[in-house]
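To keep things clear, I will list the structure first and then write my remarks on it.
Throughout, protein chains are lettered first and strands after them, A, B, ... in sequence-line order, and every chain is numbered starting at 1.
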Amino acid sequence: MRKKVLLMGKSGSGKTSMRSIIFANYIARDTKRLGATIDVEQSYVRFLGNLVLNLWDCGGQEAFMEHYFTAQRDNIFRNVEVLIYVFDVESREFEKDIHYYQSCLESITQQSPHAKIFVLIHKMDLIREDQREAIFKAKEEELKNYSRPLDCHCFQSSIWDETLYKAWSQIVHKLILNAPQLEKNLHDFAEAIEADEILLFEKTTFLVVSHCLKKEHSDLQRFEKISNIIKQFKLSCSKCDTSFQSVEIKNGNYTIIIDLFTPNTYIMVIISDPRITPALTNYNIKYAQKHFENLETSQEQRT
Amino acid sequence: MSKMMSSSVIDQTSSLSISSQNILSNGTIVDFSVGSMPANYGYDESFSKEDDEEDSNEESSQFKPRILIMGLRKSGKTSIKNVVFHKMEPNETLLLDPTTKTNLEDISCCSFITFQVYDCSGQIDLFNDPTCDYIALLKGCGSLIFVIDAQDEDQYTDAISCLTQTIFKGYNINRGIKFEVFIHKVDGFPDEKKMDIYNEIQQRANEMLIQQDATESLIQKIYLNYHLTSIYDHSIFEAFSKVVHKLIPQHRQLERLLDFLCNSCGLERAFLFDVASKIFIASDCISPLDTQLYELCCDKIDLVLDISNIYAPKDVEGISADDSSYTCVKLNNELYLYMKQVDKFLAFVCVIRDEIFVENRGIMDYNLTLFKDSIKDILSAQKTVSQDQSVNNQNNTNSSEPDTSNMANNILGNL
């Protein structure tokens, strides 16, 4: 099942960097070497087995932008599932940015009226920490106004921390077909093995695709933090020509197991009951693997 | 008797000093000192903000070795200190202001060693500054790290002449100083270029030393070591680890303990890490240090610490050290990375093959409890001795007990 994702925004706003980090295993520092994208760069990313994301990274230089709204309009804006528009928070040409954004929205309304729209306020690391919330809220208000009557979801992001993962997790989550079913199954599984929390990650990008919470946790940013942490470790391992299969952390307060689950996902189980040994949890995970694999293949067969 | 010292971010909970007492297997206590002088040794007020605390806490500050970090302006000294000891992200160091005053910091690096790091301002010429008592500074110095910016080729000559000047002055004041040159900021260069720079700087430094009237025999006597480093990868941690090794008197003993453990449990590699700074205190000597494995272990510690911080209950910090806790990462090339906390600051990390791990898990855990106990013994012996000593005398003595066995001589030679 192919889903077309449009990535647009002014030149230098960070589209290609983001895409490289999430999907191409770049570390934030490596993105300095990226040059301006020429015209449209298409890439295909396999996600969760049955889903193929067809990413259209559209170069943001003015010459190209003008072209998109005229000669290439049909080609670019047709059949779009998701439009991701990136704003550089430090941009001095806000008027111009809005102008292009609205042209995009116009074209989308005409060609792909059902597309979901996401707006990323990017490069938030350049703003001082105490001012970030305020600035983000202000921009969000403005953009929601400009987007009417269409609905848009706004996120703040930066390639230097975990907010990037949060934004992209949400975006990708909307594209997954069987999300509710997955969550229900995960919930049943958590009940059965008495876990506090279970997270399901996609294998290559480590974005959280589903989660189930039995016990409340105070840190709401933990999903993206964990994505970030594990991804960094994964990248370090690949530098040493190896990759990790599983992680087991046990101490008096909790047991955490991260393991390969289905061919496309990793699972993370957090258990705080000290009587449940890691061996038992591992056994349970192996046992449940089959069931979840079947879920995935039946999904694939359907599409 | 542990009092918070200075602006150290890492909590200091032990008052251990490096009076360098080693407990030998036959129980003889031999005293060889490293040559550190008490910290409150005639220092200028403007130099160290912690003078008052130090005065009142004499015994604990007494035998701390000092590491000086020197170098030209903008060579990277403060960044190095922050990245290694304060867990700063490398890219955040770009926001650091230039150091105007020389900062003294007390680092509690595991419970073995508490040392002081002097981050010298590159803008002040230490030897010409009248307010600075550099003689006292250098007398108490265990290692002097000189940082050279490898990317700034124009400054090589200045840097090297400053280096040679420092070496001469330092050697004349304190013969025991170990000079370590960090050829820094080499992350941008390909490997060949790195070796070229390494050789070039080494050569030029030697030439300049000879120029300044140093004889061959003198050059042989001066302990001078070069390292290629960068804060953007693990090379800085490795280099710092090697520097710290030479300042820990029990280093050889720890290595032997690890060798023994490796042999008995069939481990590929074993490290004793300081969790906070990711410096490894000791590693086994069975094979030469494999940088990749070291990096993997460092990253693993990062992973575990970060995840633990998210899920730990509010009052618990870091990783717990009880016997049943462990962390295990399985890699897809049939290797396991196994980590067990030894005490609050130290972690034992080993690399072990799949099959062996599964078979010998029980034996290994048992051996590890023995290992933990040995380390605790070394620690507590150190403590009692230092307490005795501080009661008896205020200054270090350079004497060693007449009764020395071969083992003692070996250890002394490795210090």
Problem set entry | Residue A/Ile229 versus chain B: region with a heavy atom under 4.5 Å | both

Problem set entry | Close side-chain approach of B/Phe189 and B/Ile197, heavy atoms under 4.5 Å | yes

Problem set entry | Closest-packed option against chain A by number of heavy-atom pairs under 4.5 Å, given B/Leu335, B/Val329, B/Asn332 | B/Asn332

For this session: Take the angle between the ring planes of B/Tyr294 and B/Phe273 and call it parallel below 30°, perpendicular above 60°, tilted in between.
Result: parallel

Exercise. By a 4.5 Å heavy-atom criterion (distance strictly below it), what part of B/Asp187 contacts chain A: side chain, backbone, both, or neither?
Worked result: side chain

Seminar exercise, completed: Okay, A/Leu260 and chain B: the region with an atom under 4.5 Å from a heavy atom over there is neither

Exercise. Among A/Tyr165, A/Trp168, A/Phe201, which residue meets the side-chain contact (heavy atoms from CB on, under 4.5 Å) test with A/Val208?
Worked result: A/Phe201

Problem set entry | Atom pair OG (A/Ser238) and CZ (A/Phe244), whose distance is rounded to the nearest 0.5 Å | 11.0 Å

For this session: Mind ranking A/Ile257, A/Asp196, A/Ile249 by heavy-atom pairs under 4.5 Å with chain B and telling me who comes out on top?
Result: A/Ile249

For this session: Evaluate the side-chain proximity of A/His211 to A/Phe223: yes if any heavy-atom separation is below 4.5 Å, no if none is.
Result: yes

Exercise. So which of B/Leu293, B/Asn333, B/Asp302, B/Ile310 has the largest heavy-atom pair count under 4.5 angstrom toward chain A?
Worked result: B/Ile310

Exercise. So, B/Asp365 versus B/Tyr338: side-chain donor-acceptor pair below 3.5 Å or not?
Worked result: yes

Problem set entry | Segment of A/Gln232 engaging chain B (4.5 angstrom heavy-atom cut-off) | neither

